[in-house]
Amino acid sequence: AASPSKRYSITLLPGDGIGPEVISVAKNVLNLAASFEGIEFKFQEMPMGGAALDLTGVPLPEETLSVAKQSDAVLLGAIGGYKWDNNEKHLKPETGLLKLREGLKVFANLRPATVLPQLVDSSTLKKEVAEGVDLLVVRELTGGIYFGKPRGFGTNEDGAEIGFNTEVYASYEIDRIARVAFETARKRRGKLCSVDKANVLEASMFWRKRVIQIASEYPDVELSHMYVDNAAMQLIRNPKQFDTIVTNNIFGDILSDEASMITGSIGMLPSASLGESGPGLFEPIHGSAPDIAGQDKANPLATILSAAMLLKYGLGEENAAKRIEAAVLDTLNRDFRTGDIYSPGTKLVGCKEIGEEVLKSVDAQV
Ligand code: ATP
């Protein structure tokens, strides 16, 4: 390995359930891949989620947040589990994750959905449709109808009870998510599809107008627009047409879950949450999987691929990221599988062992 020239500090938040198992594997992969690029990491492991609740009484201790904020990137395992399900609401492990996102000021959630050739049979779609799917949804995370005011319950002019929410976006909120999306598309295949409901909603008309304005800063990216109802249909009918999708909070919530179902492999899907400056948050989309925790059965590849996103989108270290992605493909090509992606004729291994194989694949590359 090259002598270290770049140093980054990484906060590790293993969390609960299978979190510690997958983080321990991903940390080793991250370390080895980075060493080939002359990168050195300082890791700081901090308590978070149910583990932190048991230890300190809160799911996100002050010290965890302050260490995370001062680091260059945060890698999270998973949080929650049956054990804490009957807690007072404000003490649920999941509230720690909301506080962490708030504290890190991340507003862009990136969720790739890739159908790998080795796992095409796991897809919920027909082989011809699923083959070659490689898309990424950029979801706005801190605005829109989930946060807009006014909201609440009341009565209308007729005296009937009502519930209401407000879809609202300010110019700066759209501009910054659009820029993240264009930058992301640039790092991928250079195509961006903005999804809205501009035929009906003023907030969407405004969204489209601002996205078109920001597009002038990115002449190399090909921009298109699609209504959300059509996008939901096209994701099932012909998902290959998409590269990068950008959309608001609620549409992104729905479409990113829809997109991940196409792949059929929850143990393979990474995510990134980015802010304007400051550290990004990188985590697998799966939960803490308490049903298999502590049994060395978890698939660590989603967390390993989250580590690749950390390098690519968090630190701009694309070569090290590519090395990890290639190592995951190579490991699958050598037929190693955890239980969740196993098929007859492949080799069933545990979390640690598939991690060792990924390390070998990282090492074997020129
Ligand atoms: P949450 O609400 O926190 O997302 P959940 O219970 O809905 O949690 P998961 O914890 O993701 O969802 O688990 C759903 C199922 O997928 C479980 O059966 C779990 O064992 C399986 N699963 C999730 N992640 C993995 C993984 N990395 N490797 C293997 N199986 C997994």
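Note that the structure is a prediction, hence the values are computed from the model and not measured. Counting starts at 1 for both ligands and their atoms, in listed order.
Taking 4.5 Å as the limit, some side-chain heavy atom of Met226 sits within range of a side-chain heavy atom of Gln241.
Protein heavy atom in closest approach to atom 3 (O) of ligand 1: Gly287 CA, 3.5 Å. The nearest heavy-atom contact from the protein to atom 16 (O) of ligand 1 is Ile266 CG2, 3.9 Å. Here the heavy atom of the protein found nearest to atom 15 (C) of ligand 1 is Asp291 OD2, 4.9 Å. Nearest non-hydrogen protein atom to atom 31 (C) of ligand 1 is Ile292 CD1, 4.1 Å.
Applying side-chain hydrogen bond (donor to acceptor under 3.5 Å, both in side chains) to Ser361 and the options Glu356, Arg323, Arg334 leaves one that passes, Arg334.
Of the protein's heavy atoms, at least one falls inside 4.0 Å of atom 26 (C) of ligand 1. At a distance under 4.0 Å, a protein heavy atom can be found next to atom 18 (O) of ligand 1. Counting only heavy atoms, the protein gets under 4.0 Å from atom 10 (O) of ligand 1.
A pairwise comparison of heavy atoms in Asn249 and Leu141 identifies ND2-O, 3.3 Å as the closest pair. Minimum interatomic distance between Ala259 and Ala113 (heavy atoms only, all atoms of both residues): O-CB, 3.5 Å. Considering all non-hydrogen atoms of both residues, Leu76 and Pro284 come closest at O-CD, 3.2 Å.
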Q: Kindly indicate, with the supporting measurements, whether the criterion side chain to side chain contact (heavy atoms under 4.5 Å, CB included) is fulfilled by Ile212 and His225.
A: CA-CA 10 Å; Ile212 289 170; His225 305 272; 3.6 Å; yes
**Q.** Verdict with reasoning, Thr244 to Leu135, per side chain to side chain contact (heavy atoms under 4.5 Å, CB included)
**A.** CA-CA 6 Å; Thr244 309; Leu135 62 88; over 6 Å; no
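Both Tyr313 and Tyr8 are part of a single hydrophobic cluster, where members link through side-chain heavy atoms under 4.5 Å apart.
The heavy atom nearest to atom 28 (N) of ligand 1, out of those in Thr303, Asn299, Thr338, Ile79, is found in Asn299.
Contact between Ser288 and ligand 1 is present, with at least one heavy atom of the residue lying under 4.0 Å from the ligand. Judged by the shortest distance from any of its heavy atoms, Ala302 lies outside the 4.0 Å radius around the atoms of ligand 1.
Using a 4.0 Å cut-off to heavy atoms of Ala298, the atoms of ligand 1 that qualify are 28 (N).
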